[in-house]
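These notes concern the structure reproduced below.
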Amino acid sequence: MSNNDASNTAKQPTNFIHQVIEQDLQQGLGKVVTRFPPEPNGYLHIGHAKSICVNFGTADKYSGECNLRFDDTNPSKEEQEFVDAIKDDVQWLGFNWAGEVRYASDYFDTFYAWAQHLIREGNAYVCDLSPEEASEYRGWATTPGKDSPFRNRTAEENLDLLERMKVGEFDEGSRVLRAKIDMASPNMNLRDPILYRIRKAVHHQTGSKWNIYPSYDFAHGQEDAIEGVTHSICTLEFADHQPLYEWFLTNLPVPSTPRQYEFGRLNINYTVTSKRKLKQLVDENHVSGWDDPRLPTIQGMRRRGYTADAVRNFCDSLAVSKTDGVVDMAQFEFFIREDLNDNAARAMCVLNPLKLVITNFPEGQVETLSAPVHPQKEMGTRELPFTRELYIDRNDYNEDSTLSRKKFKKLVPGDFMRLRGAYVIKATDLVKDATGEITEVHAELIPGTVGENPPEGMKPRGVMHWVSATEGKQAVVRVYDRLFNVESPDKGEGSFLDNINPESFSQIENCWIEPGLVDAAPETGFQFEREGYFVADRYDHSAETPVFNKTIGLRDTWKK
RNA sequence: UGGGGUAUCGCCAAGCGGUAAGGCAACGGGUUUUGAUCUCGUCAUGCGCAGGUUCAAAUCCUGCUACCCCAGCCA
């Protein structure tokens, strides 16, 4: 039942939904029941993660239950693949749904009986208007609609027609079942909304049993009622469906009366969170798939190395309100770094290798140094082989020795530098090839400086990471950056695709990693010191060909 | 336009008639064998605008303005 420790429910901000719940509880409500109701027509993204946290988190906070229910009322868009992925995502985030997974399709028989009930009560009718005609009859904002000519069929005729729709006698689009409400309502949702439409598609749960499928409106509230959901939390765009939601609850013999509450969708800048756009990015191969690390899908974030804790902490930091705002990506990144900084093992990886020869260290000798796995937490130590030939990052060396010690805390000729977890060295020489490119840097180590400060006058300019050229291993590193280079890819003229960052992905083949890293289990996150956080790829990483994905860089306050 | 919703620091946001919480970002200082972490400090005489009620208004009233959503046999 308890999905996460109470520790994080404590820091969850209170919100208007919780206020309502506390009131309900005081007035005698027994148990809070919520639900997360995805449609299995795509992969879940960060926006769904927030909804998951709100629904499961709210149930947890009040010791209630949260169902996972697939809103599978439209077989032409839905697939089993998505059902499976969504279950995986919810579990990965660390939540457990109450009982079995539910499906709207579990209740199709009941819905059908309820449709017959509405017909008998004179509250529903079969309408033969074409989609185009129906649209005309619906009217517009300022103009009331007109009653359908089929509005006054007898109950018998309606019952017969509905049954024949069900068994497949009519073509798709030829008839629908509509509620008889008010064609002049200022709320368009009340202008005789559609209850059932003909769809001759195979359904992933019910196969070919049905030729008609209920609309969202005719299903959602009833599903909630059947499951005993007390607080049906959804996003703002459903606010004007609420009167309809309640109309069904009062006109149908439902076993309970849930209430709907709406909150604002989560938007984050520099990304898109719309299933349609995500699908387009995938279908048109702008990304490698639904789990591309640049996508805000849960599968993508997972592959990128974002942790479930980080995603959850971020979602919990967000308020549940009715404002439609855009959250700064920086706020999300804060929680990613926070979690990784606390928990990721430290390691060294040279992304852009430059050979460093320690001229006063014997060839062929290997000195095994020991370094802490984490600088602050007790996470043990790891072994680092130190040899005569090492690799350092090309960016950590500059042959201009006049660079100020304050501004350039890296290696320059004649000056001192600390090798992380090893010796202080002094650059003595460099070797260039015919084109003038530096191929080697020579240096000598200061004896006795492992874990000790160097003698007076040898203070290092800074600290740099390194890997043994002979004992280290080669690795592939995939570097990801934001997929869009503008804050709001959606805004402005032209397609959001025009705002794709062409440099959002690059792969570096010849990186050098400390040898222990080849044993990393896929999906293990590390901090490559001074570079950022990286994760062993969920699918492609192996001891033979280590593959790491850049999750996010270190915070960098270094001003030029 | 008819209906629905929302406006408080660059971003998110608390506030529920008693004199503007917090987080992110930013900017300064300290510690540091990661330019990381950690730590200390600064950051709204102001709450979309204009009136009004009140001893007292971000909170109540009136009138504006801006933005978002609906007008699918999608959810």
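By convention in this document, chain letters (A, B, ...) are assigned in the order of the sequence lines, proteins followed by strands, and residues within each chain are numbered from 1. What you see below is based on every heavy atom in this structure, not just the backbone, and it leaves out hydrogens, waters and symmetry mates.
Under 3.5 Å, the side chains of A:S135 and A:E132 contain no donor-acceptor pair of N or O atoms.
Base contact: A:G421 has a heavy atom under 4.0 Å from a base atom. Using a 4.0 Å heavy-atom cutoff across all strands shown, A:K459 reaches no nucleic acid atom at all. Residue contacts for A:K406: at a heavy-atom cut-off of 4.0 Å it reaches a base atom on one of the strands shown. Contacts of A:S274 with the nucleic acid, taken as non-hydrogen atoms under 4.0 Å apart, are absent. Counting non-hydrogen atoms under 4.0 angstrom, A:G451 reaches a base of the nucleic acid. Contacts of A:V326 with the nucleic acid, taken as non-hydrogen atoms under 4.0 Å apart, involve only primed sugar atoms and P, OP1 or OP2. Within the 4.0 angstrom heavy-atom criterion, only backbone atoms of the sugar-phosphate kind lie near A:K322; the bases stay farther away.
In A:E172, the CD atom is crowded: over 12 heavy atoms of neighbouring residues, nucleotides or ligands sit closer than 6.0 Å.
Side chain A:Q527 to base B:U34: a donor-acceptor pair is found below 3.5 Å. Contact annotation: side chain of A:Q376 to base of B:A36, donor-acceptor pair present below 3.5 Å. In this model, a side-chain donor or acceptor of A:Q331 finds a partner on the base of B:G23 within 3.5 Å. Evaluation of atom-type donor-acceptor distances gives a pair under 3.5 Å for the side chain of A:R346 against the base of B:U34.
Rounded to a whole Å, the CE atom of A:M348 is 16 Å from the P atom of B:U33. The CZ atom of A:F263 sits 15 Å away from the C1' atom of B:A13 (whole-angstrom rounding). Straight-line distance from the CG atom of A:N269 to the P atom of B:G10: 16 Å, rounded to whole Å. Rounded to an integer number of Å, the gap from CZ of A:R265 to C1' of B:C67 is 17 Å. Rounded to whole Å, the distance from CG on A:L384 to C1' on B:U33 is 13 Å. Following rounding to the nearest Å, A:E333 (CD) and B:G23 (P) show an atom-to-atom distance of 19 Å. Rounded to a whole Å, the OH atom of A:Y261 is 20 Å from the C1' atom of B:U6. Counting to the nearest Å, the C1' atom of B:U33 and the CD1 atom of A:I425 are 13 Å from each other.
Phosphate contact (OP1/OP2 of B:G35, side-chain N/O of A:R530, threshold under 4.0 Å): present. OP1 and OP2 of B:G35 both lie 4.0 Å or more from every side-chain N or O belonging to A:T557. For the pair A:T323 and B:A13, the criterion of a side-chain N or O lying under 4.0 Å from OP1 or OP2 is met.
The distance between the ring centers of A:Y245 and A:H241 does not fall below 6.0 angstrom. The aromatic ring centroids of A:F526 and A:F534 lie 6.0 Å or more from each other. Between A:F334 and A:F314, the ring center distance fails the sub-6.0 Å criterion.
When the P atom is used for both B:C49 and B:U54, the distance is 23 Å, rounded to whole Å. Spacing between B:G63 and B:G2 at atom P, rounded to whole Å, works out to 15 Å. Distance check on atom P: B:G10 versus B:G18 gives 26 Å, rounded to whole Å. Taking atom P on both nucleotides, B:A14 is separated from B:G22 by 15 Å, rounded to a whole Å. For the P atoms, the distance from B:U19 to B:A57 is 12 Å, rounded to whole Å. Straight-line distance between the C1' atoms of B:C38 and B:U65: roughly 47 Å, to the nearest whole Å. If you take atom P in B:A58 and the same atom in B:A21, they sit 13 Å apart, rounded to whole Å. B:C9 and B:C55 have their C1' atoms separated by 30 Å, with the value rounded to a whole Å.
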Chi angles and distances behind the side-chain hydrogen bond (donor to acceptor under 3.5 Å, both in side chains) call for A:N269, A:D328:
CA-CA 6 Å; A:N269 56 18; A:D328 253 322; 2.9 Å; yes
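Mapping A:V463 and A:F16 onto RNA chain B via the closest heavy atom, the residue that lands nearer the 5' end is A:F16. Comparing A:E452 and A:S321 by the nucleotide of RNA chain B whose heavy atom lies nearest to each, the residue mapping closer to the 5' end is A:S321.
Each of B:U34, B:U33, B:G35 was ranked by its minimum atom distance to the side chain of A:R418; first place goes to B:U33.
In a base pair of the Watson-Crick type (N1 to N3 plus N6-O4 or O6-N4) or a G-U wobble (N1-O2 and O6-N3), with each distance short of 3.5 Å, B:C11 is matched with B:G23. With a cut-off of 3.5 Å on both pairing distances, the Watson-Crick or G-U wobble partner of B:C49 is B:G63. Pairing for B:G18 is with B:C55, a Watson-Crick or G-U wobble pair whose two hydrogen-bonding atom distances lie under 3.5 Å. The partner of B:C38 is B:G30, judged by Watson-Crick or G-U wobble contacts that both fall below 3.5 Å.
For A:R153 and A:Y125, the positive end is not near the middle of the six-membered ring at less than 6.0 Å and at most 45° from its axis. Taking the ring centre of A:F263 as origin, the terminal cationic atom of A:K322 falls outside the region bounded by 6.0 Å and 45° from the ring axis. A cation-pi contact links A:R482 to A:Y270, judged by a cut-off of 6.0 Å to the six-membered ring centre and 45° from its axis. A cation-pi arrangement is absent between A:K550 and A:Y533 under the rule of less than 6.0 angstrom and at most 45 degrees off the ring axis.
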In B/S/- notation, 5' to 3', how is nucleotides 70-75 of chain B contacted by protein heavy atoms closer than 4.0 Å?
SBSBSB
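For the salt bridge (Lys or Arg N to Asp or Glu O under 4.0 Å) with A:D415, the qualifying choice from A:K459, A:R461, A:K410 is A:R461, the only one to do so.
Because its glycosidic torsion is more than 90° from 0, B:G10 is reported here as anti.
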